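Labels below follow one simple rule: chain letters A, B, ... track the order of the sequence lines, proteins then strands, and each chain is numbered from 1. The model shown is predicted, which means the values in this text are computed figures rather than measured ones.
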Protein chains: 2
Amino acid sequence: MLSYTEENYLKAILHQSESGEAVREVGTNELALSLQLKPASVNHMLKRLKEKKLILNEKYGKIRLTKRGRIQAVGVVRKHRLWETFLFETLRFSWDEVHEVAEQLEHIQSEKLISRLDEFLNYPRVDPHGDPIPRPDGKIPKVSARHLSLIETGQSGIVVGVRDTSSTFLQYLENLSIRMGTRIKVLNRVDYDGSVELRIGRRTSVVVSEKFASNVLIG
Amino acid sequence: MLSYTEENYLKAILHQSESGEAVREVGTNELALSLQLKPASVNHMLKRLKEKKLILNEKYGKIRLTKRGRIQAVGVVRKHRLWETFLFETLRFSWDEVHEVAEQLEHIQSEKLISRLDEFLNYPRVDPHGDPIPRPDGKIPKVSARHLSLIETGQSGIVVGVRDTSSTFLQYLENLSIRMGTRIKVLNRVDYDGSVELRIGRRTSVVVSEKFASNVLIG
DNA sequence: TTATTTTGTTAGGTTAATCTAACTTTTTAT
DNA sequence: ATAAAAAGTTAGATTAACCTAACAAAATAA
Ligand SMILES: [Mn+2]
Ligand SMILES: [Mn+2]
Ligand SMILES: [Mn+2]
Ligand SMILES: [Mn+2]
C-alpha cells in the first residue's frame, strides 16, 4: 500500500510526463517545482519509488513510470476526478472549489467506495474541468476538444473543459460567465499577440489573451 | 490545524471518557490499549496535546479534554458519523462496512464539505449504528434508548442502535437479521447468566448472551 | 573547446510518530 | 505496613519526509 506522499509523487510524475500531447520524460527539478519541494527531497523519494519498482530512473537520468507505477498514478487521478465530480454535481461546490478538497479525498483507500461513487454518479466520463475520468481498468477515455486559441475566426463551439485549474483562472472564468456548456464564438483575432475577441453566450463581446484562450477547451 | 494522529487521540480520549453514562477520567495505558499503541508513545503525544492546550494532564495523573480539545474531538465524531451515514444511505454500504472507511474520511479538512454533506443527507440525527450525530455547534442530540439486556421479559421494542461497532458483532447481527428498525421481543431470560431468548421480527426465537444483549439499543 | 549555467546528488540535520527496555510512582492486596 | 502489581515515565532508537548547504555531472553558450 502506498503512502499519501508516494501517491502524490506518482500523480505528479504522470501529469508532468503526459501533459500536452506527447509523452515527455521528467526531471528531478521539474518535479520538485511542481510538488513545491526541494530537489534534494525529491531525489530522496525517487530512490524509494525506484526500489518499489514504481519508476525507472538512472543516476543523472530522467524519470519514467513503470507499468505498476502508472497504474497506481492513474488510480489516484481516477479518484481525484470522481471526487471532483461528486463535489460539483452532488454537493454543488463551485468550479474552483473542488480541486483542493479532492486533493485530500483522492487518498482515501477503499475500492468499494470508489466503485460505488462511480455508480452513484452514473459513470461520468469527464470531471467538472472537462478532464477525462480514467476507467477502473486504467483506460482513459479520449475527450475530443480543441484549444479556444486554435478555433478559427467566425467559428463557435461549446466549452467542454479547461487546461488550468488554478483558482485565479477559474474565478476569471466565473466573472466572464464562462462555464461548462457555454457557447463561445470567436469574433476576431489580433495577429500581434494572439488575443481573441469572443462572444460569450449571447452577451456582448470581450477580449481575452492568447494565454487565456489556450486554457479553454472547445468541443 | 491538527494532524490526523492528533485527531485520533482526541477522539479516543472523548470516547473513553464519555463511554457509558458518567464522565470518567482516562489513563495512559487505557488509551494506549484503545489506540493499539504502546504507553510510551501515548505518553509522548500527551505532552504535545497538553502544550497545545487540548488536554489537561498532570504527571502521573489522569487525562481530561479541555474545552478546546473537546470541541475538536466532537468535530471529528461529527464528521465520522456523517460519513457513515453517507456510506450507508447513499452508497448502500452495509452496516459493518461503514466504520473502517469513515475512520479515514473523518480526517478530511473542509468545513464546507461537511456542512454540504449534512445538508445533502437532510440533517440526520443518528448514524447507521444509532449513535447521535453532533450538531455543528458541538451539541450532541440525546438519543433515548435502553440496552436490550435491561428490557423486561415479555416487553418488546425497536432496534435503534448498537454499542459495539466491531465487525464480528455487526456480522452476527446481520446473520440474525437484526438491523435498525427491527422489532425485538424478549421472550424469556435465563437467571443463571443473563442470556435472553428473543423473537426477532416475526421469526422463531433465538437465544443470545447477556454480552450480546447489552450491546443492542432498543428505543 | 573551455567556461558558464542548469540539473542532479550527497551529507548532515530536523520533526512527527512510533518502538523497546529500563525505571519510578501509585495503587492494591496480603 | 509492607510487598506485589499496575500504571505511568524516561531514555535511546527507528522510520518517513522534509530541509540547507556543498558538491558533481551534464548541457549549453561563448
Ligand atoms: Mn493529494
Ligand atoms: Mn479536475
Ligand atoms: Mn481516524
Ligand atoms: Mn457509528
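Nucleotide dA27(D) holds its P atom 12 Å from the CD atom of Glu25(A), rounded to whole Å. For the pair Leu35(A) CG and dA17(D) P, the interatomic distance rounds to 13 Å; values are reported in whole Å. One atom, CG of Leu33(A), and another, P of dT6(C), lie 14 Å apart when rounded to the nearest Å. For Asn29(A) and dA26(D), the CG to C1' distance is 12 Å, given to the nearest whole Å. Here the P atom of nucleotide dA17(C) and the CG atom of Leu2(B) are 10 Å apart, to the nearest Å. Rounded to whole Å, atom P of dA7(D) lies 13 Å from atom CD1 of Ile63(B).
Between Glu174(A) and Arg179(A), at least one side-chain N (NZ, or NE/NH1/NH2) sits under 4.0 Å from a carboxylate O, which counts as a salt bridge. Lys11(B) has a carboxylate O that lies under 4.0 Å from a charged side-chain N of Glu103(B), or vice versa, which qualifies the two as a salt bridge.
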Task: B/S/- contact track for nucleotides 19-29 of chain C, protein heavy atom under 4.0 Å - done: BBB--BSS---
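Close to dT15(C), at under 4.0 Å from its OP1 or OP2, lies no side-chain N or O of Arg48(B). Put simply, Lys62(B) has no side-chain N or O that comes within less than 4.0 Å of OP1 or OP2 on dA7(D). Phosphate contact (OP1/OP2 of dA16(D), side-chain N/O of Tyr9(A), threshold under 4.0 Å): absent. Taking side-chain N and O atoms only, Thr5(B) has no distance below 4.0 Å to OP1 or OP2 of dA16(C).
Remark: Arg116(B) engages no residue in a side-chain hydrogen bond (donor to acceptor under 3.5 Å, both in side chains) (not counting sequence neighbours).
With dT7(C), dA17(D), dA17(C) as the candidates, the nucleotide lying closest to the side chain of Met45(B) is dA17(C).
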Task: Stepwise ring-ring contact (aromatic ring centres under 6.0 Å, His included) check, Tyr4(A) with Tyr4(B) - done: CA-CA 12 Å; Tyr4(A) 182 107; Tyr4(B) 182 106; 9.2 Å; no
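Nearest-nucleotide positions on DNA chain D place Lys47(B) closer to the 5' end than the other of Lys47(B) and Tyr4(A).
You'll find the side chain of Val196(A) stays beyond 4.5 Å of the side chain of Ser149(A), heavy atoms only. Inter-residue side-chain proximity for Leu198(A) and Val186(A) is flagged as met; some heavy-atom pair is nearer than 4.5 Å.
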Listing, residues 127-137 of chain A side-chain donor-acceptor contacts under 3.5 Å, not counting sequence neighbours, or none:
residue: Asp127(A); atom: OD1; partner: His129(A); partner atom: N; Å: 2.6
residue: Asp127(A); atom: OD1; partner: Gly130(A); partner atom: N; Å: 3.1
residue: Asp127(A); atom: OD1; partner: Asp131(A); partner atom: N; Å: 3.0
residue: His129(A); atom: ND1; partner: Glu84(A); partner atom: OE1; Å: 3.0
residue: His129(A); atom: NE2; partner: Trp95(A); partner atom: O; Å: 3.3
residue: Asp131(A); atom: OD1; partner: Arg163(A); partner atom: NH1; Å: 3.4
residue: Arg135(A); atom: NH2; partner: Asp118(A); partner atom: OD1; Å: 3.4
residue: Arg135(A); atom: NH2; partner: Asp118(A); partner atom: OD2; Å: 3.1
residue: Asp137(A); atom: OD1; partner: Lys139(A); partner atom: N; Å: 2.8

